[in-house]
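Contents: one structure, followed by commentary.
First the proteins, then the strands, lettered A, B, ... as listed; each starts at 1.
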2 protein chains.
Amino acid sequence: MSTLDHYVEILKKGNIKVTQQRIDILKYLDSHLSHPTAEEIFLSLKKTHPALSKTTVYNSLDVLRKHGIITTLTITENELRYDFKTKMHHHFLCKKCGQIIDIDISCPNIEKISKFGHRVDEVHGYFKGICKNCLDQGRGKNKSQSLT
Amino acid sequence: MSTLDHYVEILKKGNIKVTQQRIDILKYLDSHLSHPTAEEIFLSLKKTHPALSKTTVYNSLDVLRKHGIITTLTITENELRYDFKTKMHHHFLCKKCGQIIDIDISCPNIEKISKFGHRVDEVHGYFKGICKNCLDQGRGKNKSQSLT
DNA sequence: ATATCAAATTGTAATTAATACAATTTAATA
DNA sequence: TATTAAATTGTATTAATTACAATTTGATAT
């Protein structure tokens, strides 16, 4: 679903006050599943909403996160990244192109860790390396550079 | 092994210039497997080496990391953590006591991701929740507070 | 042992992500 | 439409990390 009402619904269901800023942020995350940083979200939304404050972006993201509507990643080392998808999945970071790819496989380890006696609430599976795309370009040699 | 020569060996093997600072940092990490931050390492070493600079700590950690002698974690959101253990393992962060526990189980997912065509160089398995210790204390209620 | 030189260390300053806070505005309710 | 708690804004601050220039030091060859 992508109508604005959808995001209003989400907010109302969480008893979160509905504001244009929050709708915009939710919409942005829903349509940019590239795991953007707060800065990226801020800069993009500021274009069409120049009065937007960075603090609002941080505050809103925090609220959405606390309500389980979005999740955060620490797959890169210097900043948090935000994800509209909350269903458990893993991530692959390509060290060459920087892309963060969703990996939709389950984690067979949660059960094992539970057997140790710990209660597992969150799982983050971060894999890093070179993605298929970049590997293919490297193999074919100077094939991709030619885009005059 | 815990003799200082051991750390000298490690540095020499990596063609890294041997300095007291690097030895100290390696020794600290080897004897504090609690995944300390750069700040923690700095503050602790500064006690016995007041001239130590924080920049040196960061530089040394970077060098050690680039040579694969130590690894880094992003399991907490605001700072990097350092690990002397380089053999693949996972981590559990207790949201109550803050402890980061080593989880020595393998990851059956690397193979699956490789089948997607990506080359996996690094694996980070971060699990978060409440550790066994904290759960036990919570269950027994006011049992642990009494340590007059 | 000593001189040499690249590399490491130090201290300060700068950068960057994130947070704190006070003043203003606004969404929800009566 | 008035009220009020909560959200937004803008600025200032914190905290982790990086940049950089001056000084010192470890490794090597003499």
Side-chain angles (χ1 to χ4, degrees), chain A residues 4-5 7-26 28 35-67 69-70 72-82 98, chain B residues 4-5 7-26 28 35-67 69-70 72-82 98:
Chain A
L4 283 208
D5 290 347
Y7 307 115
V8 175
E9 282 302 303
I10 292 174
L11 295 171
K12 280 187 176 164
K13 227 166 259 170
N15 278 321
I16 305 170
K17 202 176 271 190
V18 177
T19 68
Q20 192 56 52
Q21 290 87 337
R22 288 170 177 177
I23 294 172
D24 289 349
I25 290 170
L26 267 184
Y28 184 89
H35 319 94
T37 63
E39 178 80 9
E40 282 164 3
I41 298 167
F42 169 69
L43 287 177
S44 180
L45 295 183
K46 201 169 176 58
K47 289 182 207 160
T48 54
H49 183 331
L52 181 66
S53 164
K54 200 180 281 188
T55 304
T56 299
V57 174
Y58 277 108
N59 285 343
S60 299
L61 289 170
D62 272 356
V63 170
L64 294 172
R65 188 210 327 211
K66 274 174 188 145
H67 282 77
I69 295 168
I70 63 175
T72 56
L73 313 187
T74 56
I75 193 169
T76 53
E77 297 189 352
N78 298 310
E79 67 282 306
L80 269 187
R81 290 173 174 279
Y82 296 87
Chain B
L4 283 210
D5 290 348
Y7 307 116
V8 175
E9 282 301 306
I10 291 175
L11 294 171
K12 282 188 174 162
K13 227 165 257 171
N15 278 319
I16 305 171
K17 202 176 272 190
V18 176
T19 69
Q20 192 58 51
Q21 290 88 336
R22 287 170 178 178
I23 294 172
D24 289 348
I25 290 170
L26 267 184
Y28 184 89
H35 319 92
T37 62
E39 178 81 8
E40 283 165 1
I41 298 167
F42 169 70
L43 287 178
S44 180
L45 294 182
K46 202 171 175 58
K47 288 183 208 158
T48 55
H49 184 331
L52 180 67
S53 163
K54 200 180 283 189
T55 303
T56 300
V57 174
Y58 276 107
N59 285 344
S60 300
L61 289 170
D62 272 355
V63 169
L64 295 172
R65 185 202 341 203
K66 275 174 187 145
H67 282 78
I69 295 167
I70 63 175
T72 55
L73 314 186
T74 56
I75 194 169
T76 52
E77 297 189 351
N78 299 309
E79 66 283 305
L80 269 188
R81 291 173 175 278
Y82 296 86

NZ of A:K46 to NZ of A:K54, rounded to nearest 0.5 Å, is 9.5 Å

Separation of atom CG in B:L43 from atom P in D:dA15, rounded to whole Å:
13 Å

With a 4.0 Å cut-off on heavy atoms, is B:T19 in touch with a base, just the backbone sugar-phosphate, or nothing at all?
sugar-phosphate

Name the nucleic acid region contacted by B:V18, choosing base, sugar-phosphate or nothing; use a 4.0 angstrom heavy-atom cut-off, strictly under.
sugar-phosphate

Starting from C1' on C:dT9, measure out to CG on B:L45 and report it in whole angstrom.
14 Å

Integer-rounded Å distance: D:dA15 P and B:E39 CD
10 Å

Of B:I16 and B:P50, the one whose nearest nucleotide on DNA chain C sits closer to the 5' end is B:I16

Ignoring hydrogens and angles, tell me if any N or O in the side chain of B:R81 forms a donor-acceptor pair with the backbone of B:L73 under 3.5 Å.
no

Tell me whether the side-chain N/O atoms of A:Q20 come closer than 4.0 Å to OP1 or OP2 in D:dT8.
no

Contacts of B:L80 and A:L52 projected onto DNA chain D by closest heavy atom; the upstream (5') one is A:L52

Nearest-Å distance, OH (A:Y58) to P (D:dT11)?
17 Å

Taking B:T56 for the side chain and B:L52 for the main chain, is one N or O donor matched with an acceptor at less than 3.5 Å?
no

To the nearest 0.5 Å, what is the distance between NZ (B:K47) and CG (B:L45)?
9.5 Å

Proximity to the side chain of A:R22 - top-ranked nucleotide from D:dT9, D:dA16, D:dA7
D:dA7

Round to a whole Å and report the spacing from NE2 of A:H49 to C1' of C:dT26.
12 Å

Does a distance-only test, which skips hydrogens and angles, find a donor-acceptor pair under 3.5 Å between the side chain of B:T37 and the base of D:dA16?
no

Please figure out whether A:T55 or B:K46 has its closest DNA chain C nucleotide nearer the 5' end.
B:K46

Checking only heavy atoms, does the side chain of A:S60 share a donor-acceptor pair with the base of D:dT8 at less than 3.5 Å?
no

Euclidean distance, A:L61 CG relative to A:L80 CG, rounded to 0.5 Å
9.0 Å

Rounded to whole Å, the CZ-C1' distance (B:R65 to D:dT18) equals 13 Å

To the nearest Å, give me how far apart CD1 (A:I41) and P (D:dT8) are.
14 Å

Between D:dG26 atom P and B:D24 atom CG, what is the distance in whole Å?
12 Å

Among the nucleotides C:dT10, C:dA28, D:dT17, which one has an atom lying closest to any side-chain atom of A:K17?
C:dA28

